[in-house]
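So the structure is just underneath, and the comments pick up after that.
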Amino acid sequence: MRTSWKWPAAVATLTGLFFTGACAPARQGDIPANGAIPTDVMGVARERGLTPDDLYAAAKTFMPSGKHDDYVLFASGGHSGQVHVIGVPSMRLLKTIAVFTPEPWQGYGYGGGPSEVLKKGNMPSGKELTWGDTHHPNLSETKGSYDGRFLFINDKANARLAVIDLRDFETKQIIKNPNAISDHGGSFVTPNTEYVVEGPQYATPIGWEYSDIKNYKEKYRALLTFWKFDPLAGRVDVSQSFQMELPPYFQDLADAGKGASEGLVFVNSFNTEMATGGVENGEPPFEAGASKNDVDFMHIIDWRKAAAVAQHGPTRTVNGMRVIGLDTAVKEKLLFFTPEPKSPHGVDVTPSGENIVVAGKLDPHVTIFSTAKIRAAMAKGSQEKDPFGVPILKLDDTKETQVELGLGPLHTVFDDQGYAYTSMFLDSAVARWTLGGADKGKHPEPDWTLVQKLPVHYNIGHIAAVEGDTATPGHGYVVAMNKWSTDRFLNVGPLLPQNFQLVDSARPGESMKVLYDSPIGVAEPHYAQLIRADRLKPYEVYPFVGYNPETGKKDPNAVLSPKDARIVRKGKVVEIFTPVIRSHFSPEHVTVNEGDTVIWHLTNIERTRDAIHGFCIGGYNVNLSLEPGEHQTVTFQADQPGVFPFYCTEFCSALHLEMMGYFMVKPR
Ligand code: K7E
Ligand code: CUA
């Protein structure tokens with residue numbers, strides 16, 4: 001293992017001072033016995049027992065006040081249902097974007113437009129869903145590179161997709177998959193964000209039909225969904241979207257081809273055994289039944305051809321969605337299989353698109369497939385079929401090579417130096433290895449070779465690198481997204497945070513180092529993407545007063561000036577028009593009758609950056625966040641008589657506490 005990084009000579013000569021017996025006080029900041037508090041870097045380092053490696057890490061990650069990070073990490077918030085936005089290299093949490101879970105500080109789910117966005121994600125039965133299990137955030141792409149415009153994320157638990165607009169970092173659309181209840185291999189975009197792909201996980205009867213699990217092979221199916229994205233509207237166009245039926249294997253991660261492999265989508269699978277569990281009835285449990293075979297199947301889907309079939313048929317429509325049947329997918333040559341090592345997890349396309357890397361949880365290798373070989377094998381076809389008639393292309397005809405990495409390889413990302421980085425769950429390590437072919441880059445080592453394994457703490461799941469899943473990756477940093485933190489942080493009780501470790505991925509020929517441990521105390525993150533900060537161009541304030549963030553237009557009920565404040569009564573409907581500005585709402589007295597419908601229009605007419613106001617009504621579960629220029633309308637029933645103060649929930653000025661009023665409901 002190389003350790004060739006250079007420590008500045010002047011500092012190196014001082015290194016000897018670190019452990020020369022100066023007795024460190026019990027806690028940093030305590031006054032030592034000799035009364036001397038260190039005031040210089042080396043003194044502090046000595047006092048805290050820091051090594052040159054520690055000082056290097058500190059210098060690499062410290063962000064002076066007012067300076068900004070170079071990269072932004074968009075991380076799934078796991079079963080918090082949200083997305084975390086983290087600056088890199090400082091690893092500071094910049095924001096949590098509310099997606100599938102109500103989030104009061106963002107006014108998300110407590111009245112107004114955001115509540116309507118959330119409601120669209122309810123079950124078709126009307127059953128309310130107030131959380132999600134977010135796994136894979138995916139940034140919109142142009143020509144296979146991030147364009148900084150939109151972010152998509154899936155909800156594994158309920159098979160939903162969310163669209164976040166990166167002009168204001170807000171969730172604009174949640175779509176409930178009309179036919180599936182479980183997903184995982186999503187969201188993944190095609191190289192120009194033509195489609196957002198939502199891959200399945202656990203097979204079920206399509207569209208919530210009931211069927212006994214004894215009929216698993218006949219009745220249960222997986223669905224791969226292609227959501228058509230309209231970049232001008234910034235929304236998925238459900239009417240132009242389609243689904244493809246897949247066998248009832250448990251499909252896992254997916255990735256869209258790019259460059260050489262553009263037009264294809266790759267989807268992993270496990271449980272090609274079609275185990276159905278039932279350990280309580282003496283059947284083999286899932287964990288045994290679903291890992292019997294030595295290989296599972298990587299699915300190869302020609303999405304361009306599939307889109308043409310969706311357009312011209314034959315398809316059937318299920319719950320308003322066009323579905324390409326499994327038999328059609330076979331007949332039209334839309335779907336092929338090739339064996340992949342037992343119980344794989346990640347499938348990742350290299351920057352050139354020439355190779356596809358599959359990591360098998362239960363296999364010590366990564367298997368690298370060749371796009372050219374896959375295309376040739378697809379053209380040739382295969383006599384070997386799975387039980388559903390899907391052609392199986394021979395592994396020898398599709399495989400480029402294998403690289404042995406160790407225990408539990410999961411996910412792989414890439415840099416522009418010709419390296420791949422694979423997370424090793426069981427080894428608790430990041431494996432760096434070399435690519436060949438079009439992705440060879442500048443590495444001095446032989447192609448397809450393990451170069452270094454860096455221990456991380458602990459049980460790494462996903463891994464992110466600088467634009468490391470695009471056609472144009474950068475280099476310098478890798479983030480290890482560790483499932484367990486165990487002893488890394490102060491004990492906060494038995495529910496522990498996860499641990500994101502920032503890794504210096506250094507230059508070719510040098511060694512990786514851990515730079516920073518960042519506790520993620522808000523649910524288990526899965527995937528994350530790391531984008532150059534200069535690709536993002538968010539609003540500083542909304543572009544004009546009266547902006548409705550849900551429509552992107554001026555709201556017809558916008559209250560544009562203080563003189564527009566008014567109350568309009570029509571029978572049992574009371575409409576209030578409230579301009580919001582430091583430090584008052586007007587009107588300040590709003591009196592209605594019990595049973596009235598209240599429609600309250602509020603516009604933040606500020607143009608000053610960060611002049612945010614909140615609007616809450618105690619006892620009525622209403623809380624809005626009104627950013628400069630933003631308009632929201634909240635509608636509710638005045639169903640509780642009494643006097644309810646409303647106030648601003650953001651400390652916006654010296655007279656913020658005075659920014660209040662009374663909502664008075666006269667009893668019947
Ligand atoms: Cu957690 Cu991508 Cu859902 Cu692997 S997945 S870790
Ligand atoms: Cu407005 Cu506080």
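Atoms within each ligand, like the ligands themselves, are counted from 1 in listed order. Note that these values count all heavy atoms, side chains included, but never hydrogens, waters or copies made by symmetry.
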How far is atom 1 (Cu) of ligand 1 from its nearest protein heavy atom, and which residue and atom is that? H526 ND1, 2.0 Å

For atom 6 (S) of ligand 1, what is the nearest protein heavy atom, given as residue, atom name and distance? K483 NZ, 3.3 Å

Specify which N/O/S atom of H613 comes nearest to atom 1 (Cu) of ligand 2, by atom name. ND1

In H656, the N, O or S atom nearest to atom 2 (Cu) of ligand 2 is which? ND1

Can you name the N/O/S atom of E650 that is nearest atom 2 (Cu) of ligand 2? O

L253 heavy atoms, cut-off 4.0 Å: which ligand 1 atoms fall inside? 2 (Cu)

Taking 4.0 angstrom as the limit and counting only heavy atoms of H411, give me the atoms of ligand 1 inside it, by number and element. 2 (Cu), 4 (Cu), 6 (S)

Determine, using ring centers only, whether F266 and F369 are less than 6.0 Å apart. no

Is the distance from atom 4 (Cu) of ligand 1 to some N, O or S atom of H345 under 2.8 Å? yes

Tell me the nearest of H462, H136, H135 to atom 3 (Cu) of ligand 1, using heavy-atom distances. H135

With a heavy-atom distance limit of 4.0 Å, tell me whether H184 approaches ligand 1 through its side chain, its backbone, both, or neither. side chain

Going through the checks in order, is the side-chain hydrogen bond (donor to acceptor under 3.5 Å, both in side chains) test met by Y547 and N604? CA-CA 9 Å; Y547 187 92; N604 180 341; over 6 Å; no

D555 (side chain) donor-acceptor with N557 (main chain) under 3.5 angstrom: yes

Give a yes/no answer: is there an N/O/S atom of T649 under 2.8 Å from atom 1 (Cu) of ligand 2? no

Rounded to 10°, how many degrees is the angle SG/C652-atom 2 (Cu) of ligand 2-SG/C648? 110°

